[in-house]
Structure formats: C-alpha cells, structure tokens
Amino acid sequence: MRSAIVDHVLDPTALLAEVASADSGASTLFVGTVRRVNDGREVLGIDYSAYTPMAESELAAVVAEAAERFGTAHVVVEHRLGTLALGEASIVIAVSHARRASAMGAQKYVIEQVKARVPIWKREHYADGTREWVDPTRATPAGTPVAGLP
Amino acid sequence: MRSAIVDHVLDPTALLAEVASADSGASTLFVGTVRRVNDGREVLGIDYSAYTPMAESELAAVVAEAAERFGTAHVVVEHRLGTLALGEASIVIAVSHARRASAMGAQKYVIEQVKARVPIWKREHYADGTREWVDPTRATPAGTPVAGLP
Amino acid sequence: MAVTVLLFASWADAFGPRVELDLPAGSRVQDVLDSLAARAAGRTLPAPMVAVNQRYARPETPVAASDEVAIIPPVAGG
Amino acid sequence: MAVTVLLFASWADAFGPRVELDLPAGSRVQDVLDSLAARAAGRTLPAPMVAVNQRYARPETPVAASDEVAIIPPVAGG
C-alpha cells in the first residue's frame, strides 16, 4: 500500500498497474476530477491546498485502515495539490482484491474517509470571477456563510 | 454509452478516457482479471466463450439500464473472449458521473448484472491439468456436480 | 416440427453445440428441456436457463420451428 | 505561554497562515478557539476542527507551548 500528496499531474494508469496482482480478481480505479458545475455555478478551475504533513499522515492512516478492514495490501492513493483545470484529476484511488465486493468496498471507504478527515481544501474559481472555499458542511447555497465562530 | 464483446486485449486506459467529461466529478474503472486461485485450486488460465449475439444484446441492455437508473450516458463496457492468462483482464467497466456515489453505483450495477445474466462462460485450466466450467450457482466444491437435468 | 437448439459450455460438451429436436407442434420450452433430459443418459449437468430468439424465456413459453432456442448453463462472465 | 497556531483556507484568509496566541498555562483547545473568536470582529467563518501535533483534538485537550496547533476548517479533499 502507498499514499502520497503530490503537486504533479496524476497518472491513473500507473496506479492501476501498481496494484495489479495475479492473486486479485478485481481491480478498481476511482478518479476525482474538476467538474464544470458545482451548486449551480460554473467552475473554471480549483486550487487545492493542504496542511501537508497532517494530510500525508491522515491519508496513510486511511489507506492502512482500508487495507486492514478489507484484507488487501493493494491500495494506492495519490492526491494532487495546486491549481487544477476543468477535467483534471485531483485524486486517484487504486485497489485490487481477490474479490470484487471487497475491492469496491475499500475504494468507497478510502474516498469517504478522505472527504471526511484529510486536511485538504479547495477553492473554486467561478466564471463570474469570484473564488470561494468549498465547505461541504454547509447545506445552504454557496456564498451564504451560516456558521459563526465557536 | 457503449458495450462490446471483443477478442483482443482490453485497454482500461482507453475506456477511462472514453467516459471522461468536464461535467463529471468522478470516474470509476472496474477491471476483472484472471486470478491465481479459485475455490482453493491453482488456476493457470481461463477460456471465455459466449453466445455472442445474445451476450452483445444483454450487455447493451445492462449498460442502458445503468445509464437510466444512475443518470449518466458515460458508461462503457468491454468483455473479452478467448484464452486469457493469469492477470489478464476479462472485463473493463468505465463510468463517469457528476457525483461519485452514482458512478460507483452504476459500476456495481453493471458488474452484478453481467455476472447474473450475460451469456458468457468460463472454463478454468488448473495446475493439475484438468479443465472445468465454472458454475457460480454451485455452492459445493468444484468437481462435484450436484444439479441433474430438469 | 424440427427445432434447432444451440448449446453452450458444459451442455455443449455433453450434446454438441447444436441439436435438432423433433417436437410436436405447440411445444414449449419445458418440452425442449424434457427432450434433452431424455437423451442425457444419467449425466449430471447444471440446471440451465433457456433463451428463445436471444431472450430469456420461461418454461411455458411456446417454441416454433423458426425460433432460435438456446440452452444457457449458469453464466460466469465478468 | 506563547502558542503558535497554524490556519488554513478561509481561516488563513481571515487571520493569516500563522498566529501567535498568548494563553495562560493549562489552556485547552477550547481556549485557543475562544481566543481566536475574540479577534474575529464579527466575521463569519465555518466552525473548524482543531489538530494538536497533527492529530485531531477535542475541546478539552490540553495545549502546551511546544505543541503544533492547527485550525482545520471543513475539509474538501477528494
């Protein structure tokens, strides 16, 4: 297993090859990409930033947990930082396992945990020229802050 | 969306590129491969065969259902026939969707339906020199036929 | 009537890839299976599905001489 | 004691990437948050988590001068 926070273009094919094994019957790849529309606003690109040393240790912990829970050492994740254009990949998760259900389960575990706890942030650039930090905990439309300081 | 039954080596990277879209936030790839051990027996390779015209129409139906149920046109599947060596890919499923849960759901739907109803068969070649048709409906160990003619 | 039946996998090993059955007019899918069972001579084969014209059919589905009937043993794709 | 606090995303926009707080000995994570709130001057910012030495901490976790304390606004990786 392996995880990394990187600042270069991700290579899904290389990660898929990295988890390949003759003992695996299923390999899965998850690629998160910058999409054109979020919350109804047109997105031009995203800046990803991180609390890098903690992001690295949390991501490594997530991968180790997935490997333990689903019973495979073949789990590799890379998350990219920096400014990404439309369609570019921010995260690639590759898993292989003897059984497909476990490969898919490990993949889902990794992406859900990354989104819940790895300290990475994204600031979207909108077509109207504004930029905004994405807050997944905010249910209201973007641009309407609702949570005050504690 | 697209599906095909083919007799050449599959190219997961090409299928991943085929579903890429700036409107998708998540792309998933599922690759089924020949694994070394099945039911405790050492496998050297697998022959895949099909009732080809019906396999093509069932596979197309599965893809159309996944596209409809999960709301994305970006679903591509290829299944390979012929003799495959250890580690070679028998099926590749690529999906992209605005939302990751739907991409993963469509992927799971396709593989489960393929395994349930697309008329493709596999005969495993074992290290002991025997060959046997795989029967997923048989709960008992390989080599012990239990179902008689109707 | 003569009905052509396509067979696959273990069923093709047992009967060949193609069998001509002579069935009474008005026969159904179950009659196709019964006719093959009569030829099985003690062999054990996994219970199949049957497709008529490349669609899964039920035991009561009628079969005509012009139909493409296929014996589908348990599938194992993916 | 002087405690160095790292900030990120919207909190870094508001306070800068690094703030030195002067806190009484025996302070806890909640005291760090209260101290920052006192400086916020009416700004609205999303409620954060806090990490101490790169691990998520609770409001009652003690903070020492040598600790690396970080304000973690809602994460949005993936």
Side-chain angles (χ1 to χ4, degrees), chain A residues 10-17 19-40 42-46 72 74 84-101 103-112 114-115 122 124 134, chain B residues 10-17 19-40 42-46 72 74 84-101 103-112 114-115 122 124 134:
Chain A
L10 299 179
D11 182 351
T13 304
L15 268 65
L16 190 63
V19 298
S21 162
D23 294 320
S24 294
S27 300
T28 63
L29 198 57
F30 177 90
V31 184
T33 51
V34 177
R35 78 166 184 273
R36 192 192 312 276
V37 177
N38 192 21
D39 276 337
E42 186 182 348
V43 174
L44 302 180
I46 296 182
T72 175
H74 304 297
L84 277 65
L86 265 195
E88 284 197 295
S90 53
I91 187 168
V92 177
I93 303 167
V95 177
S96 83
H97 197 288
R99 300 286 176 182
R100 70 182 180 281
M104 292 189 282
Q107 175 188 62
K108 183 172 199 303
Y109 182 83
V110 170
I111 186 63
E112 300 299 342
V114 165
K115 290 189 174 269
K122 60 182 175 186
E124 291 180 334
V134 174
Chain B
L10 299 179
D11 182 351
T13 304
L15 268 66
L16 189 64
V19 299
S21 162
D23 295 319
S24 294
S27 300
T28 62
L29 197 59
F30 177 90
V31 184
T33 51
V34 177
R35 78 165 184 276
R36 192 193 313 276
V37 177
N38 193 20
D39 277 337
E42 187 181 349
V43 174
L44 301 181
I46 296 182
T72 176
H74 304 298
L84 277 65
L86 266 195
E88 285 197 294
S90 52
I91 188 169
V92 177
I93 304 167
V95 178
S96 82
H97 196 287
R99 299 287 177 182
R100 69 181 181 281
M104 291 189 282
Q107 175 188 63
K108 183 173 197 309
Y109 182 82
V110 170
I111 186 65
E112 300 299 341
V114 165
K115 288 187 176 269
K122 61 182 176 186
E124 292 180 332
V134 174

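Not measured: the values here are computed from a predicted model. Proteins come first, then strands; the chains are lettered A, B, ... in the order of their sequence lines, and each starts at number 1.
In this structure, the portions of A:Ala98 lying under 4.5 Å from any heavy atom of chain B include both its backbone and its side chain. At a 4.5 Å heavy-atom cutoff, B:Ala20 makes no contact with chain A through either its backbone or its side chain. Proximity to chain A (any heavy atom under 4.5 Å) is restricted, for B:Leu16, to the side chain, taken from C-beta onward. No part of B:Ala101 comes within reach of chain A, as not one of its non-hydrogen atoms sits under 4.5 angstrom from that chain.
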Name every donor-acceptor pair, under 3.5 Å, that has one atom in a side chain of residues 25-33 of chain B and the other anywhere in the protein, sequence neighbours excluded.
from    : atom 1 : to      : atom 2 : distance (Å)
B:Thr33 : OG1    : A:Ser24 : O      : 2.8

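Among the candidates A:Glu88, A:Lys108, A:Arg99, the residue making the largest number of heavy-atom pairs closer than 4.5 Å to chain B is A:Arg99. Comparing A:Asp23, A:Ile111, A:Thr13 by how many heavy-atom pairs each has under 4.5 Å with chain B, the most go to A:Asp23.
In this structure the side chain of A:His97 never reaches within 4.5 angstrom of the side chain of B:Arg35, judged on heavy atoms. A 4.5 Å side-chain heavy-atom check between B:Gln107 and A:Gln107 finds at least one atom pair inside the cut-off.
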